[in-house]
Amino acid sequence: MSADLTELYQQVILDHNKRPRNRGRLPTANRVAHGDNPTCGDQCSVYLRLENGKIADISFDGSGCAISQASSSLMTTQLKGKDAAEAASLYQQFHQIVTTGEAPEAISDLAAFAGVHTFPARIKCATLGWHAALNALKGDPIPATTESRLD
Amino acid sequence: MSADLTELYQQVILDHNKRPRNRGRLPTANRVAHGDNPTCGDQCSVYLRLENGKIADISFDGSGCAISQASSSLMTTQLKGKDAAEAASLYQQFHQIVTTGEAPEAISDLAAFAGVHTFPARIKCATLGWHAALNALKGDPIPATTESRLD
Amino acid sequence: MPSWNTVRDDFPALHQQVNGHPLVYLDNGATTQRPQVVIDAVSRFYAHDNANVHRGLHALSMRATAAYEGARARVARFINAAAPEEIIFTRGTTESLNLVAASWGSRLQPGDVILLTEMEHHSNLVPWQLVAARTGAKLRYVPVTGDEGKLDLSVLDQLLTPEVKVFAFTHISNTLGTINPVAELCARARQVGAISVVDAAQSVGHMPVDVRAIGCDFLAFSGHKMAAGTGIGALYGRRELLDAMPPWQGGGGMIAHVGFFESRWKPSPERFEAGTPNFGDAVGLAAACDYLDALGRAQLRRHDGELARLAYQKLSALPNIRLLGPAEEERGGLVSFALSDVHAHDVVTFADEDGIALRGGHHCNQPLMHKLGLTGTVRASFYLYNTAEEIDVLIASIRRIQKFFG
Amino acid sequence: MPSWNTVRDDFPALHQQVNGHPLVYLDNGATTQRPQVVIDAVSRFYAHDNANVHRGLHALSMRATAAYEGARARVARFINAAAPEEIIFTRGTTESLNLVAASWGSRLQPGDVILLTEMEHHSNLVPWQLVAARTGAKLRYVPVTGDEGKLDLSVLDQLLTPEVKVFAFTHISNTLGTINPVAELCARARQVGAISVVDAAQSVGHMPVDVRAIGCDFLAFSGHKMAAGTGIGALYGRRELLDAMPPWQGGGGMIAHVGFFESRWKPSPERFEAGTPNFGDAVGLAAACDYLDALGRAQLRRHDGELARLAYQKLSALPNIRLLGPAEEERGGLVSFALSDVHAHDVVTFADEDGIALRGGHHCNQPLMHKLGLTGTVRASFYLYNTAEEIDVLIASIRRIQKFFG
Ligand SMILES: Cc1ncc(COP(=O)(O)O)c(C=O)c1O
Ligand SMILES: Cc1ncc(COP(=O)(O)O)c(C=O)c1O
């Protein structure tokens, strides 16, 4: 297996893909958003409970490749407790990681997605769940789509 | 001037182009048809007086290149006195001349158009007046067009 | 003159390494590769005969017109149309189908029914949705039986009622590999007075296709799926239908007369070819027809079919795999499958590491996927240059993928 | 890197004899020739990177997608669009204009007015007639002053009333050579709340064109009139207008979701690119942009303009000739004329004997011809590879023709 591919499918990613965290419909959710990737048919729904402007609880559901499943799963673990501004800033960092391969210092497990940047067609997979989460935070009822041509 | 071109613009043709016979609107006409060549905008109207199934008189009008003008002019001189069947048969011969360059024996001035066959794009010019005349004979009010893809 | 023994030499794109492995191109359902003779035919045309067609009387324009109209006659012959005038050049299958839906479809009325099948490609589905929304006609679907991917013809009688004005269906499903009984379907359409529209994107370059034997009213296909370039394709239509249809696009070349406030149209095919046509790639399409006929389309059909059967059989032996499409002998040159533990995209990315080009996703068959409870499949689709050895490379790669994710 | 000194060497089609004479290609208004670098760019793409775009995750498909989207970005830069998303690839100017007329135009209503000019090409006229017939909108025309071929802007105030919803006009007239004040016309359209549509078929490959400086809402052009292949062109549209427009053609690649009975669309540009696009020729179009920019479009404009002035001046000295278009300095790279004793077709056939490629006829401007009392003209249209010597060859040929028919 090539170095690039090993870098793409890191152990963290394979682990989150096999045993996704916070998967399923959150019964107490007060916000929800759906995302889809029309190119491949992948779908992701993100459910949140917002309390005092912070994400008190979060889950995701849907279907997609290992990258999108693992990314959504890992995302839920990172977003719990954050407010909208923190979530947006975390997404900025994540977006930088998947598009450039450069991880800011002291960043968590998200750095596992650095390998995505050598597979540009997979960036949309990695960001699908994040788009849905940010839309859910905005209370935006429109389906998120990674077909915005901007990731 | 090349042999092909001299052959195309024979003296007969130049003469008919310069001094067209039977040109203008025939006041006594009881049949008329218009033809156009959409590709170049050329137009031809043919006026006939049919008497007892024969062309008692004929004229043409319109605008077009030397080939189409001369062809219409010469045609009027050939069709006078003919009935529909004779006209159709004459057109068959003319069509053969302009498409193959082979003139049946004992054919009149029409053979002057043999040079057209080396200029396939000009076949439509040579047949424009004929189409109008045949349509006028049919009493067909629809404009003749040489854009039928069949000449 | 191409020969089956040296056929791979004809295709320059096949001779490259991808990720350190020889390219195994199994994405022919999306687009085929072009042989050098086709690439050269277009280059040579541009280097020698290039000029605009139809409206020109100078030497180059006459040569270009002869080449373009010659290509039309060649394509007509390729599918046994009655006359070159029955061939309208388009960008491809999608534009061909949009043309029929928009132009012929403009006569549809509320109460009329458009009958499609559940296995249609989005390109033979969305244009009809658009015309249905405009005219008030309704859509109806012939069901697909399930994973084995046959049309359920037992209910055709109920569906093909006199309200049906159009019956549009694919010849070969690009996802299932099913070959539909198109001649029978056209005959059934005729019985109720409906026109038949055949999406031949996956068949024309892969097998003998004879529009008069099929008895269809319209048939659509793409050059790029039959060894020619992109940007060219054709709509076959029966002459009397075409001549009775209103124009779709307006512009230069399709008019008999233009006034400021009214215009008249030329007959078919010009009526439907507004603007400068893609004569460069039409020349390439004619070269592709020559190339495929020299190999022989019956042999081509045999070749693709055998590879598909071989692939189906070897894939069936793998664990945790779900195969779509007919299990028996007769199938188009492709196989489509889903692994239960690995998503289609991960399969495609891993296979690419082994130099294998596959396609993963819904293959523009979203509603069918949804019906089958899938979001996508992996598809391996074959063409004349693929080999049995390449299927072994594919199987070995899938085994490694299953192991990695297992 | 092309250079003006050796520019003719770049175009293989120029180096041939026609009827025993060196080809003098003066039919660039119909289509230009392609430089070898453009021909090669397409051939090389097919030989190395060919695969279907967008939906693929394998190496070739990713390369093809990068090439296609790179071409879009290159074309956007060529006309200074704000973003690549504002470029929709089409077959050419005609399809671009049909797209605007059909999609944006679907919102027109009885009482609305479409304002055109009397010098429009059929491709910027018939699509509006078709949409007017469908929607009940009315057509209105800005008059042309006469043989000198200017728009009569003195009546624009009367014509450009609040009922006008669309003002569509050509940048450079393909028959008159007139260069219209497009920025001013766009500003005037904006004042009454009309959208502006610029037919840039004759300008984009011949001079610097900046859509933001012009201030247009839509702009249409063809690759084959700017040194690229046939089958490719573009529609520029302002993003917010495009995203508010309904789709025109339906099919693969333009959908966000497809169900059996309803679908949702992607945003622009995908919404308007149903089916496999002509990615091969898009790559060629990008190469043509590179080629033209390396020469410099301001120099190109100067070159074509100087040839046109020279030709106009020398033709004016001939007897029995009627010249169309503006007499002063500023004109596009073409001249159009009628000899009083020789029909345009006879001129073209005779000139062809001297190896000269001209065009004779109505140039898809029938209503204008009719207004001017002409059935056709002869047109000599220039491009970057034409020379002053070629104009002398043309003049000598016309003299011989006049003598023969005199
Ligand atoms: C001014 C103008 N508009 C539109 C067109 C149509 O362009 P195309 O035939 O490439 O669609 C042309 C070319 O013939 C033209 O000169
Ligand atoms: C069955 C079928 N129909 C239609 C199409 C659309 O063809 P194109 O994209 O060339 O217009 C395809 C190819 O994707 C197909 O496989």
Side-chain angles (χ1 to χ4, degrees), chain A residues 1-20 23 34-45 60-73 98 112-113 115-129 132 143 145-147, chain C residues 17-21 27 30 121-123 125-126 175 320 322 324 336 338-379 396-406:
Chain A
M1 216 169 94
S2 80
D4 279 353
L5 207 58
T6 324
E7 177 74 13
L8 179 63
Y9 292 96
Q10 295 227 352
Q11 207 49 53
V12 177
I13 295 180
L14 292 175
D15 176 55
H16 273 274
N17 179 43
K18 273 227 150 152
R19 297 182 298 108
R23 185 172 178 128
H34 306 284
D36 57 26
N37 182 343
T39 300
C40 47
D42 285 355
Q43 294 177 334
C44 182
S45 301
F60 82 102
D61 208 351
S63 66
C65 63
I67 306 300
S68 85
Q69 292 297 295
S71 171
S72 299
S73 166
V98 295
F113 285 86
V116 171
H117 90 281
T118 47
F119 295 84
R122 307 302 292 275
I123 294 172
K124 292 177 177 180
C125 310
T127 56
L128 178 60
T145 165
T146 53
E147 282 301 310
Chain C
Q17 301 267 314
V18 165
N19 294 318
H21 299 273
D27 194 17
H121 187 280
H122 295 165
S123 292
L125 207 159
V126 180
T175 298
N320 302 320
R322 178 173 166 193
L324 295 189
S336 195
L339 301 181
S340 39
D341 299 326
V342 196
H343 189 273
H345 287 183
D346 297 311
V347 175
V348 174
T349 295
F350 267 78
D352 187 52
E353 281 286 313
D354 293 332
I356 307 168
L358 296 172
R359 196 143 290 239
H362 54 61
H363 314 294
C364 296
N365 278 122
Q366 273 191 2
L368 177 67
M369 288 289 153
H370 191 249
K371 167 174 168 141
L372 298 179
L374 288 160
T375 56
T377 67
V378 179
R379 182 182 72 186
S397 183
I398 306 270
R399 281 192 194 284
R400 274 196 298 278
I401 294 165
Q402 288 191 313
K403 200 160 150 216
F404 183 84
F405 284 92

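Keep in mind that the numbers below use all heavy atoms, side chains included, and drop hydrogens, waters and symmetry copies. Numbered from 1 within each chain, the chains take letters A, B, ... in sequence-line order.
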Any heavy-atom pair between the side chains of [Y] and [X] that's under 4.5 Å?
| X | Y | value |
| --- | --- | --- |
| C:L324 | C:L374 | yes |
| C:I356 | C:F350 | no |
| A:L5 | A:F119 | yes |

**Message:** For a side chain to side chain contact (heavy atoms under 4.5 Å, CB included) check, start with the C-alpha distance between A:I67 and A:F113, then their side-chain angles and the critical distance, and finish with the verdict.
**Reply:** CA-CA 8 Å; A:I67 306 300; A:F113 285 86; 4.2 Å; yes
**Item:** Pairwise distance CG(C:L125) to CG(C:L368) - rounded to 0.5 angstrom
**Value:**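 Between C:L125 CG and C:L368 CG, I get 10.5 Å after rounding to 0.5 Å.
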**Prompt:** At a heavy-atom separation under 4.5 Å, does C:F404 approach chain A through its side chain, its backbone, both, or neither?
**Reply:**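 For C:F404, the side chain is the part near chain A, not the backbone.
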Output all donor-acceptor pairs under 3.5 Å across chain A and chain C; consider backbone as well as side chains.
from, atom 1, to, atom 2, distance (Å)
A:S2, OG, C:E353, OE1, 2.5
A:S2, OG, C:E353, OE2, 3.3
A:Y9, OH, C:D346, OD1, 2.6
A:K18, NZ, C:F405, O, 3.4
A:K18, NZ, C:G406, O, 2.8
A:P38, O, C:H362, NE2, 2.7
A:D42, OD1, C:H343, NE2, 3.0
A:A66, N, C:D346, OD2, 2.6
A:R122, NH1, C:H345, O, 3.4
A:R122, NH1, C:T349, OG1, 2.2
A:R122, NH2, C:D346, OD1, 3.0

**Message:** One pair to check against side chain to side chain contact (heavy atoms under 4.5 Å, CB included): C:I398 and C:L339. What are the steps and the verdict?
**Reply:** CA-CA 9 Å; C:I398 306 270; C:L339 301 181; 4.1 Å; yes
